[in-house]
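Just so it is clear, the model here is predicted, and its values are computed rather than measured.
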Amino acid sequence: MHDIGAITEHERLKADRAAMERGGATAPSTGTPAPDYVRGVHPDTGIEVTFVPGELLPDWAAAALAEGRSVYDYETRLWTILDDGQAAGTTARGGARRAAGQQGR
């Protein structure tokens, strides 16, 4: 038996989804887990938020990573979601890369 605290939110949702499908129910999407730390500004509140690795991302954050509207800092292992006024490709520490298709772990 697994210690429920030892598995990620995404893993728990995948297990729930599998159980629902075995029972014949239509299961919802399990979402997109954060590939590393992800920082951005919530589009509705304007508050800066940070997601930890494995935490499920809200749609706006997952879309920003998928669309390349973020940079990655290798030193801090942090994705930063860019707002409309920022240019992709660099960070203060350097070593950043665009997110589109480059979320390798």
(request) Would you please name every residue forming a salt bridge (charged side-chain N to carboxylate O under 4.0 Å, His left out) with Arg77, sequence neighbours left out? (result) Asp36

(message) On a heavy-atom basis, which atom in Ser70 and which in Leu65 lie closest, and how many Å separate them?
(response) OG-CD2, 3.3 Å

(message) Donor-acceptor pair, distance only, cut-off 3.5 Å: does the side chain of Glu67 make one with the backbone of Ala64?
(response) no

(message) Please give me the minimum heavy-atom distance between Phe51 and Leu56, naming the atom from each residue.
(response) CD2-O, 4.4 Å

(request) Taking side chain to side chain contact (heavy atoms under 4.5 Å, CB included) as the test, write out the residues that go with Pro43, two or more places apart. (result) Trp60

(request) Measure across Val52 and Ala34 and return the closest heavy-atom pair with its distance rounded to 0.1 Å. (result) O-CB, 3.3 Å

(message) Around atom CG of Asp44, are there more than 12 heavy atoms from other residues, nucleotides or ligands closer than 6.0 Å?
(response) yes

(request) Please list all pairs passing the side-chain hydrogen bond (donor to acceptor under 3.5 Å, both in side chains) test where one or both residues lie in residues 45-54, with sequence neighbours left out. (result) none

(request) Determine, step by step, whether Leu78 and Arg39 satisfy the side chain to side chain contact (heavy atoms under 4.5 Å, CB included) criterion, reporting the C-alpha distance in whole Å, the side-chain angles of both residues, the deciding distance to 0.1 Å, and the verdict. (result) CA-CA 7 Å; Leu78 174 71; Arg39 178 180 58 200; 3.5 Å; yes

(request) Determine whether Ile81 and Val38 make a side-chain contact, defined as any pair of heavy atoms from C-beta on separated by less than 4.5 Å. (result) yes

(request) Any chance you could pull the hydrophobic cluster mates of Val41, using side-chain heavy atoms under 4.5 angstrom and chaining through other members? (result) none

(request) Share the residues that join Ile47 in a hydrophobic cluster, the rule being Ile, Leu, Val, Met, Phe, Trp or Tyr side chains under 4.5 Å apart at the heavy-atom level. (result) none

